[in-house]
Amino acid sequence: MKHGFTLAEILITLGVIGVVSALTLPTLIKNYQKKETVAKLQKAISVLNQAYRLSNDEAGEALATDSVNMDSQEYFETYWAPYIKTLTYCKSYATCGYSSYTPFKKLSGEQSGWYVVEPRLRSTFLTPEGFVYVIFLATWKDTGGGEKKVQQQIFVDINGANKPNQYGKDVFWLTRGDNEGEGIQPYCHYKTDREIQQNCSNSGEGSCCAEMIRRASWTIPKNYPW
């Protein structure tokens, strides 16, 4: 005598599978996204440091204090273009797919005032990996322009112009070292754990999130505002 499953038993089994999937899939997806984000961040830093070292060996290291008064495209073509593969040098925000000059948001949700492209003050370019790098040279000392002050930050948007364009999610702050030979490292590397946790929080700016990930042995920790 052959035995089979009744329709009720099949429906119950499918229901159980559906419930289990609904409970576990979001966690699996989130864990995958976290690992992918960390991997891209590490690669972005590695690519930058490799180019920075090659540039230092061949063209001489242009520290922030040396490059502050350079034209941003001249700086890019001299110290970066020969040593890093690029698809596009961003002469405007639209060139690299952004919808405005200020596309980035802080972790708190507040709009950031930093320009993704400012030809007089920073070099912005897109690479084959889909990363957009924004290398700061300077900002104005006052809102009227004129005299410049040194800026050492580097932004990397690990999925280009795609959303969410938010610090700590797909946009991370890095910095050039203060001294020769220090290379590229996460921003806030000099701050305390408490300062970093306050910054990389749902009420913070998010500029210290790359350093928070680094200190967690290149993982996204449980207290990260994911």
Side-chain angles (χ1 to χ4, degrees), residues 35-90 104 114 116-118 121-139 148-160 167-168 170-193 195-196 199-200 205-221:
K35 290 180 180 179
E36 183 183 38
T37 296
V38 173
K40 285 184 175 182
L41 175 60
Q42 286 182 295
K43 183 171 184 178
I45 295 173
S46 175
V47 167
L48 275 182
N49 268 312
Q50 183 179 20
Y52 200 59
R53 285 193 295 269
L54 288 171
S55 175
N56 181 37
D57 291 342
E58 296 184 17
E61 187 168 17
L63 301 175
T65 50
D66 300 325
S67 59
V68 62
N69 289 314
M70 292 182 70
D71 173 84
S72 60
Q73 188 161 356
E74 175 194 0
Y75 170 73
F76 168 74
E77 290 174 352
T78 303
Y79 293 100
W80 290 97
Y83 313 105
I84 188 169
K85 290 182 180 179
T86 58
L87 290 178
T88 306
Y89 181 80
C90 307
F104 302 139
W114 288 116
V116 66
V117 172
E118 218 304 356
L121 302 174
R122 58 197 62 115
S123 298
T124 304
F125 54 92
L126 173 68
T127 68
E129 298 90 352
F131 302 156
V132 171
Y133 293 102
V134 184
I135 302 179
F136 285 65
L137 279 72
T139 58
K148 297 177 182 179
K149 63 178 179 180
V150 174
Q151 294 293 130
Q152 296 166 300
Q153 300 102 302
I154 296 174
F155 289 174
V156 57
D157 190 336
I158 60 173
N159 63 350
Y167 301 151
D170 59 337
V171 181
F172 293 93
W173 287 48
L174 311 173
T175 183
R176 289 175 288 176
D178 293 326
N179 302 303
E180 188 174 349
E182 286 184 346
I184 313 298
Q185 52 195 313
Y187 195 72
C188 299
H189 61 277
Y190 51 88
K191 292 191 175 184
T192 65
D193 288 345
E195 289 174 320
I196 288 169
N199 176 283
C200 190
E205 181 180 47
S207 55
C208 295
C209 289
E211 177 62 10
M212 188 175 189
I213 291 171
R214 187 193 69 80
R215 292 190 189 186
S217 300
W218 295 107
T219 61
I220 291 181

Next item on the list: State the OH-CE distance between Tyr79 and Met70, to the nearest 0.5 angstrom.
Entry: 5.0 Å
Check: In Å and rounded to the nearest 0.5 Å, what is the CG to CG distance from Asp71 to Leu121?
Finding: 10.5 Å
Note to self: Can you confirm whether Thr175 sits close enough to Gln185 that some side-chain heavy atom of one is under 4.5 Å from a side-chain heavy atom of the other?
What the structure shows: yes
Checklist line | Interatomic distance, Cys200 atom SG to Lys191 atom NZ [nearest 0.5 angstrom] | finding: 12.0 Å
Note to self: Just verifying a value: how many Å separate Leu48 CG and Arg53 CZ, rounded to the nearest 0.5 Å?
What the structure shows: 10.5 Å
Next item on the list: Go through the structure and list residues passing salt bridge (charged side-chain N to carboxylate O under 4.0 Å, His left out) with Glu205, not counting sequence neighbours.
Entry: none
Margin query: Is the distance between the ring centroids of Trp114 and Phe104 under 6.0 Å?
Written below: no
Checklist line | Minimum heavy-atom distance Pro186-Arg214, with the two atoms named | finding: CG-CD, 4.0 Å
Checklist line | Set of residues satisfying salt bridge (charged side-chain N to carboxylate O under 4.0 Å, His left out) with respect to Asp193, sequence neighbours excluded | finding: Arg215
Next item on the list: Drop me the distance from Trp80's CH2 to Leu54's CG, to the nearest 0.5 angstrom.
Entry: 10.5 Å
Item checked: Distance, nearest 0.5 Å, that separates OG1 of Thr139 from CD of Gln151 -> 4.0 Å
Notebook entry, point to check: Does the gap between the ring centers of Tyr187 and Phe172 come in under 6.0 Å?
Noted result: no
Item checked: Contact summary for Ile45 and Trp218, nearest pair of heavy atoms -> CD1-CH2, 3.7 Å
Check: Could you go step by step and tell me if Val117 and Tyr89 meet the side-chain contact (heavy atoms from CB on, under 4.5 Å) rule?
Finding: CA-CA 10 Å; Val117 172; Tyr89 181 80; over 6 Å; no
Check: Heavy atoms, side chains only, cut-off 4.5 Å: are Tyr52 and Ile84 in contact?
Finding: no
Next item on the list: Taking atom CD of Glu74 as the centre, report whether more than 12 heavy atoms of other residues, nucleotides or ligands fall under 6.0 Å from it.
Entry: yes
Check: Would you say the side chain of Phe76 lies within less than 4.5 Å of the side chain of Thr124, judging by non-hydrogen atoms?
Finding: no
Check: Shortest non-hydrogen contact from Tyr75 to Ser123?
Finding: CD2-OG, 3.6 Å
Notebook entry, point to check: Can the ring centroids of Phe125 and Tyr133 be said to lie less than 6.0 angstrom from one another?
Noted result: yes
Check: Does Glu195 reach the side chain of Cys208, with side-chain heavy atoms less than 4.5 Å apart?
Finding: no
Next item on the list: Could you check if a side-chain atom of Thr127 sits within less than 4.5 angstrom of a side-chain atom of Val47, using non-hydrogen atoms only?
Entry: no
Next item on the list: Would you indicate whether the side-chain heavy atoms of Arg122 and Phe155 approach each other to under 4.5 Å?
Entry: no
Margin query: To check you understand the geometry: which heavy-atom pair defines the closest contact between Cys188 and Glu211, and what is its length?
Written below: O-CG, 3.7 Å
Next item on the list: Please report the shortest heavy-atom distance between Leu137 and Arg176, naming the atom on each side.
Entry: CA-NH2, 4.0 Å
Check: Considering all heavy atoms of both residues, which atom of Lys40 and which atom of Phe131 are nearest to each other, and what is their separation?
Finding: O-CZ, 3.7 Å
Check: Of Leu174, Asp170, Val132, which is the lone residue that meets side-chain contact (heavy atoms from CB on, under 4.5 Å) with Val156?
Finding: Leu174
